[in-house]
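Chain identifiers are assigned alphabetically (A, B, ...) following the order of the sequence lines, protein sequences preceding nucleic acid strands; residue numbering begins at 1 within each chain. Reckoned from all heavy atoms, side chains included, excluding hydrogens, waters and symmetry mates.
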Number of protein chains: 4
Amino acid sequence: MKKIAKIGSIGLGRQGEQHAINLATRVQGCELTAICDMDEPKLNAFADKYGVKHRVKTFEDLIAIDELDAVVIVSPSVFHAKQIEQALAAGKHVFSEKPLGVSMEECVATEKVVKKYPGRLFMLGFMRRFDQSYRYAKAKIDAGEIGKVVLFRAYSQDPIKYIKGAIAYGPTSGGQFLDMSVHDIDLARWMVGSEPDQIWAIGGCYAYPEFGSYKDGDNVSALMKFKDGAMGFLFAGRTANHGYNIETEIIGTKATLRIASVPQCNLVEILDGHGVRKECHDNFLERFEAAYVNEMQEFVNCLNEGRKPSPTVDDGYRASLVAYKCREAFESGNLVTTGL
Amino acid sequence: MKKIAKIGSIGLGRQGEQHAINLATRVQGCELTAICDMDEPKLNAFADKYGVKHRVKTFEDLIAIDELDAVVIVSPSVFHAKQIEQALAAGKHVFSEKPLGVSMEECVATEKVVKKYPGRLFMLGFMRRFDQSYRYAKAKIDAGEIGKVVLFRAYSQDPIKYIKGAIAYGPTSGGQFLDMSVHDIDLARWMVGSEPDQIWAIGGCYAYPEFGSYKDGDNVSALMKFKDGAMGFLFAGRTANHGYNIETEIIGTKATLRIASVPQCNLVEILDGHGVRKECHDNFLERFEAAYVNEMQEFVNCLNEGRKPSPTVDDGYRASLVAYKCREAFESGNLVTTGL
Amino acid sequence: MKKIAKIGSIGLGRQGEQHAINLATRVQGCELTAICDMDEPKLNAFADKYGVKHRVKTFEDLIAIDELDAVVIVSPSVFHAKQIEQALAAGKHVFSEKPLGVSMEECVATEKVVKKYPGRLFMLGFMRRFDQSYRYAKAKIDAGEIGKVVLFRAYSQDPIKYIKGAIAYGPTSGGQFLDMSVHDIDLARWMVGSEPDQIWAIGGCYAYPEFGSYKDGDNVSALMKFKDGAMGFLFAGRTANHGYNIETEIIGTKATLRIASVPQCNLVEILDGHGVRKECHDNFLERFEAAYVNEMQEFVNCLNEGRKPSPTVDDGYRASLVAYKCREAFESGNLVTTGL
Amino acid sequence: MKKIAKIGSIGLGRQGEQHAINLATRVQGCELTAICDMDEPKLNAFADKYGVKHRVKTFEDLIAIDELDAVVIVSPSVFHAKQIEQALAAGKHVFSEKPLGVSMEECVATEKVVKKYPGRLFMLGFMRRFDQSYRYAKAKIDAGEIGKVVLFRAYSQDPIKYIKGAIAYGPTSGGQFLDMSVHDIDLARWMVGSEPDQIWAIGGCYAYPEFGSYKDGDNVSALMKFKDGAMGFLFAGRTANHGYNIETEIIGTKATLRIASVPQCNLVEILDGHGVRKECHDNFLERFEAAYVNEMQEFVNCLNEGRKPSPTVDDGYRASLVAYKCREAFESGNLVTTGL
């Protein structure tokens, strides 16, 4: 018999809606049984369109739905820690978007909470690990094709056209290392297979002094040394003119892999008065559309098969710790050690 | 109320299975209600895995299922013409893979049959029109961004590693123009917006004389002049060493568009002892995975909304006619006029 | 003892000046001993700047200079046939820019003339054979790396920004096949290693009806079958928006080679509001700067070493014949046989 | 009157021979009047082949040649400081390959020496500034097209196939920052227009422990903050499998420029069993062939026109200082301040 996991999802923001649509229409082996959002018109519109059985306005109501096997948490970051704990306590399996919490203390606490419920599955939303290109690269690394990792380099750049939103959202974002680079840090740990040890971070406000008011920059970078000796270089920025630019390079002793060094939005090449060019991706939902589906499919497969999913809470804790250490290095101007 | 079209699909070959999986799992607004194949173990395995209500071994049994709104025909080409007619006569809407028939006479007859049932929806499987990159290019053409079309160039190349299959399948394939170039002919008509008028075609057996035994080649090409003056160049081959290579170029008076001139299988670039390289697509199901879903989604949307789908039977008839004329030009060595 | 060939050059137009500068400054083993042009101020300015010993205004005066070993002919095409004959008769070795003459009759006659003087070296200016990338590709073909040639495809496109000059120059250009495609025809013969046999050619005036007044088009193409069975597709156009686009592809049974499919003017990639792009070459002198030097160096080396240079007069005759046959096919609308 | 600078060159190693050939055959406005090398057979062969008037075995003999205007120093690095001083004292203008000396003290001393002879021209061999692509990028930066520089990233990687030579040469190379990154440091100063201020450097021996015996690595990197706030990331390695990889990226607030992110050796693209690929440059003389000519041409033009050349001794001193500070950071593990 095919198992059908019953899932409730909280959050109908941009990313939350995408997750909910994927659960309702593209992920196999599950049913989006309940949807939760405070915005009643949005909630009703969604539930009607996708025929969702339960519609609730509070997380407490969501986890009270007995038939739910699991909840998917895509609420504002400030609620993550508490909701993860509530859901686990209510006996639900949990998928949560990053971060585990909005302070290092919350992340530490959440890790402990998750470990208190070994019978409950927990998965953190680092969707890049489920992108086809990253998986292809990871398989080559695991097969030894690039030799030993020498340098991991990652850029995460948002398009400058979204700068107003970035400025508005900035103060609650945790800063660029926590908001953007944390995905690169997760990729780094996954691909290098070692933990960042020492970090130095620099950057500044090259075009938008607004970010400086809470000690962030519009463009920042960090150099890190991993415990196994590998080097890591991270760059994050808010002012990319060409599009949403997520590129990653892994230089090994035998070969180098580059993922998406041109963030082309499709396979069309244009030859016109600007030369020969490729138009680029606009945002993360577009770039990682398939990765979001694959990630949730894996969560559902784990539910139906009783497997432990990955990335784990520990991956979330460690990536967050490194991101906080980057921020500490950036703010202090000092070399910082992660202690991992 | 959301409509759910009930669909029966015939054929569990490679492409047929993909269509059936898409209907069962990825296309919204439909139910794969029945599945049909002569191979009983395969039929049962599929029906069990995807929970299909009806499983039947003959097309007659399939169209006798009263609750079906539509059938999807992915049987061997030799059955298409007859099955399309049977299904329409039985009151079903029809999606059929190309071709409309295995002779020009059959294609002509099928077109007439379809037109006899104006109340039934009919859609032909030219999936490339539903590929994101082709749609992006088409939108630019329609917006006037490339000016007037000067030259349409299209390559359809199969990987040489599948040459044994190609040789085995060749005699019933209709030859390369009908088997492979017909997709490019459809794209050409769609993108140029005019009909091919005059054609010359050449080619030969450069590595595999086997194809010569039924007057085909392992690599062939055709130059055509469209009625509006545009030029078209088609190339089809069975011996591409780098992968499944479907590339298209549209040169206009203002700009040129190229789709997939490098058939990269993902966004990974490899720097190793062979230089800087991209690995390539392996086959049509991989390259056009999303296009197959989009195409079937459009068919289902048309079913649920009562819209006429496209590509139409007329598109199928005309593309087939041009492909037959290419073959005639190739076999005769003469300039040939399509009469369109 | 190092030999120093003494050379006189006629023509200080754009291309002629480039050749003369190369002879004066970049080609080793020669001396630009004399320069000839009707435009006296230009002649004097050049001779002064480069310290040229003799400056003359007529070709008769040039070949009368006793110490000259060879002449380089970069005069208007209408004079080529006569000047080649005069120079050979005067005992000079000859390098001539294409074409051998402005009619097929002149080309035939010139070929005979050159063969009448077996003791005189003759070289025709098909500079592309001396471009590093084309040589690299040719070496791979000769080494068997691509197997048997299946398709030779070549584009020669001028930037649309030079359309006014193209229109003005058009009537005396011989048409696009003779003016532009002849270089591709030479490359095709060189790389395929066989002669074009049958040809069909189409095209038209897609943006500039002016070219139609003498039966040319602004964009034209030809499909040809070589005697060994290989296919050839040539495209020539005057309306490329992205730059000077000379691209060539050779599809073999084992591999495919593409030369300059992106006509990038250098190694800079720009990521800005237009996407990720490369700016393109502007003109033939820029694209083939080094090829012009290499070509003349080979001529001088042949002079100093007494070797026969290549491309030969026969290469010139045959390429011209094929170009004329393309034009005939274009004008008549018929399939044409070259008779080679 | 055209001036012809008379130049003597010391050193017939690989790079020295290239400089000497360029002076003898490709650079305009000069005469390679004398050549100096200890290796007598090589010296004679070269002088004979290129018709050099004077051949001498010691630098003292070279600068004693009265008619020489300038000397070009391409001797082993250990002699640079002394020979620069001797040549200036002898009244010669000087072009010297980097470095100015083999210790920071020597660099400081050489800078003072050069400034003692304001009437003598001095130019340092940072040839990358004369590469067409770097100049193109610099012009765009100067024109404000990329806005303010945010991040300068540079890779200098040698092919792994030369690893044996690198190991043998390593102990006298000064380490990777001085041997390789110093060129990137010069580019950084030139393109960013500011001085590196703070530096952290890491790396190690990922494949070849040999480099560790003198505190170097086979791959190293440095992150630096410039005085104007810009970020700089340098990577240097000895183990690139794909070729000689010199790539540079300048991310600005308005646009990003990348130079040679694929170190393609020419314009040929190969489609074969390895995918779609470009073969890569092999070494610095090949990649920067034209830059070496352009650089020397600029030196000769300065000689003939009495202009001050650039890069200056100060550029050399500052680039060396930064490279030494990178090495200090690497060896100590500490953050280091340049004091510039």
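- Using a 4.5 Å cut-off on side-chain heavy atoms (C-beta onward), A/Gln264 and B/Leu267 make contact.
- Just one residue in the list A/Arg258, A/Lys140, A/Glu145 forms a side chain to side chain contact (heavy atoms under 4.5 Å, CB included) with B/Ile270, and that residue is A/Lys140.
- No other option in A/Asp272, A/Leu257, A/Val276 has as many heavy-atom pairs under 4.5 Å with chain B as A/Leu257.
- Of all the listed residues (A/Val293, A/Ile251, A/Thr25), the one sharing the greatest number of non-hydrogen pairs under 4.5 Å with chain B is A/Thr25.
- In this structure, A/Ile21 CD1 and B/Gln28 CD are separated by 10.0 Å, a value rounded to the nearest 0.5 Å.
- Counting heavy-atom pairs under 4.5 Å between each of B/Glu279, B/Glu247, B/Lys254 and chain A puts B/Glu279 at the top.
- Counting heavy-atom pairs under 4.5 Å between each of B/Gln132, B/Glu249, B/Arg26 and chain A puts B/Gln132 at the top.
- Residue A/Leu271 holds its CG atom at 11.0 Å from CD1 of B/Ile250, rounded to the nearest 0.5 Å.
- Using a 4.5 Å cut-off between heavy atoms, B/Arg277 makes no contact with chain A at all.
- Without hydrogens or angle criteria, B/Glu269 side chain to A/Ser261 main chain gives no donor-acceptor distance under 3.5 Å.
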